[in-house]
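Working notes for the structure below.
Here, residue 1 is the first one in the sequence, and each next residue gets the next number.
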Amino acid sequence: MTEQLQAAPTVITPEQAQWVSQVFSTTADAVEQVIHGKRRVVELVIACVLADGHVLLEDVPGTGKTALARALGEVIQGTSSRVQFTPDLLPGDITGVTVFDQKTGAFEFHPGPIFANVVLADEINRASPKTQSALLEVMEEGRVTVDGTSHDVGSPFLVIATQNPVEQAGTYRLPEAQLDRFMAKTSIGYPDEAAMVRILQGDRRTRAPLAPVVTTAMITQAQDLVTRVHVSPLVADYAVRIVEATRRASEVRLGASVRGALALVRLASAWATAHGRHYVTPDDVRDLALPVLAHRLVLEPEAEFDGVTAGQVLGQILLDVAAPRENGTA
C-alpha cells in the first residue's frame, strides 16, 4: 500500500481515500478514549490536521482542551507542548532564542515550545499583540526566523489556540486579520451526563499515555493525498457563492476573505477523505461552513446590538444559497 501511495496520480483514487479514512477513524477512536462524547469536535480537529490548518477553541476552563492536544500528540506518535499565554510572555518564549555558548565560541539556537507537532496556545488573547503576531507568523509560514536564520517547525504542525469567552478582563482581543488565519473555530463544551459518568469513573488514577495508533509520517502522507481530492467546478462555485453572500449580507460589515474560501475547500477535501470519498460533495461544504466562516465575519454594530450572531447570518445564507444537485463527482 505504501508503494501505491508514493506513486499516486494527480487525483486521489478511491482506494487511497479509503486509506485516509482508516487513518482518520483510527485516530479519532483513540482520542475519544480521553475526550468522551465529543466525536464531532474530535473529528473536526483531526480534519484540520489533515487539511494542514489550525484550530481556535473558544471555551470555558476545564472542558478538556489540554487533554485533547496531549491525546492527539500521543496517538500520532508525535510531540505536544502547552504554552500558557500571559501579558508578560515574550515572542522568544514561544519561538526560541539564540544563546552564545562560551565553550564553543558560537551562537546556538534553543528552540521554544512551538517546535512540536501539536501546540496548545492556552488563552491566546491574554498575551500582547506582539506575542500573538509571533505565534501567528509561525502558523502561516511553518518556520521560525531568529537572527536571520530560519528553522522549520516540522510536519505535521497543528496549533490549538484557546480563548475564554466569559472572562475578558486583562485580555487583548484577536484582530480580524489574525482570526482569519485559523482554519476553523469551535468549542468542546460540557459533556453530557453519560460521558460525565465515564469521565468520573476513569479519574480514579493518573491517566497513562495513549498508545500511538498512527505515525506522523502517515499523517503527512494523508495531508498530501488530501490536496489531490477532486473538487468539481459546481462544488467550487457553491463555496464561492456562499462566501460572496457573506459579503453582501446586510448584517455584515466585513465578509469572509479569500483565505476563508480556500480554507473551506481545503477542509471539505479533508472531510471527504475522512468519510472515504475521493471527491467533495455540496454537503461537505455546507456542513463545514459554520466552523470555517463564522469567526471571519465582522457584523455591523446595529446587528450586534440587536443580538444577531455570525452563526445566525451564516445559517440564513446556507438556506438562501441553492446547492448544486450533483454529488461532486462531475
Any donor-acceptor pair under 3.5 Å from [X] side chain to [Y] backbone:
X: S269; Y: V229; result: no
X: S128; Y: P87; result: no
X: T27; Y: V23; result: yes
X: S80; Y: G73; result: no
X: Q77; Y: P212; result: no
X: H295; Y: F182; result: yes
X: R247; Y: G255; result: no
X: D59; Y: I188; result: yes
X: E123; Y: Q84; result: no
X: H54; Y: V159; result: yes

* To do: Please answer: with hydrophobic residues joined when any side-chain heavy atoms are less than 4.5 Å apart, are V138 and V97 in the same cluster?
  =>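 In one cluster: no.
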* Asked: In terms of hydrophobic clusters joined by side-chain contacts under 4.5 Å, are L262 and Y279 together?
  ->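 No, L262 and Y279 fall in different hydrophobic clusters.
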* Is there side-chain contact between Q316 and E251, with at least one heavy-atom pair below 4.5 Å? ->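 Answer no - side chains too far apart.
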* Taking the side chain as every heavy atom from C-beta outward, state whether F109 and T149 have any pair of such atoms under 4.5 Å apart. =>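 Contact flag for F109/T149 side chains = no.
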* To do: Inspect the contact between D192 and K38 and indicate whether a charged nitrogen and a carboxylate oxygen are less than 4.0 angstrom apart.
  =>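 D192 and K38: not salt-bridged.
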* In terms of side-chain geometry, is the basic nitrogen of D122 or K65 positioned less than 4.0 Å from the acidic oxygen of its partner? ->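 Answer for the salt bridge query: no.
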* Under the side-chain hydrogen bond (donor to acceptor under 3.5 Å, both in side chains) rule, collect the residues that match up with R241, sequence neighbours excluded. =>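 Applying side-chain hydrogen bond (donor to acceptor under 3.5 Å, both in side chains) to R241 gives D237.
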* To do: Rounded to the nearest 0.5 Å, what's the gap from OG1 on T273 to CZ on F24? Could you check?
  =>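 Interatomic distance, T273 OG1 to F24 CZ, rounded to 0.5 Å: 8.0 Å.
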* Just wondering, are more than 12 heavy atoms of other shown residues or ligands nearer than 6.0 Å to CD in E108? ->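 It does: E108 CD has more than 12 such atoms within range.
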* Asked: Given T86 and D88, is the side chain to side chain donor-acceptor pair (under 3.5 Å) satisfied, shown in steps?
  -> CA-CA 5 Å; T86 55; D88 60 346; 2.6 Å; yes
* Between F115 and H151, what is the ring plane arrangement, given parallel below 30°, perpendicular above 60°, and tilted in between? ->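 Ring orientation, 0 to 90° scale: perpendicular.
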* Asked: Taking it one step at a time, do R39 and D29 satisfy salt bridge (Lys or Arg N to Asp or Glu O under 4.0 Å)?
  -> CA-CA 9 Å; R39 182 75 180 197; D29 291 342; 2.6 Å; yes
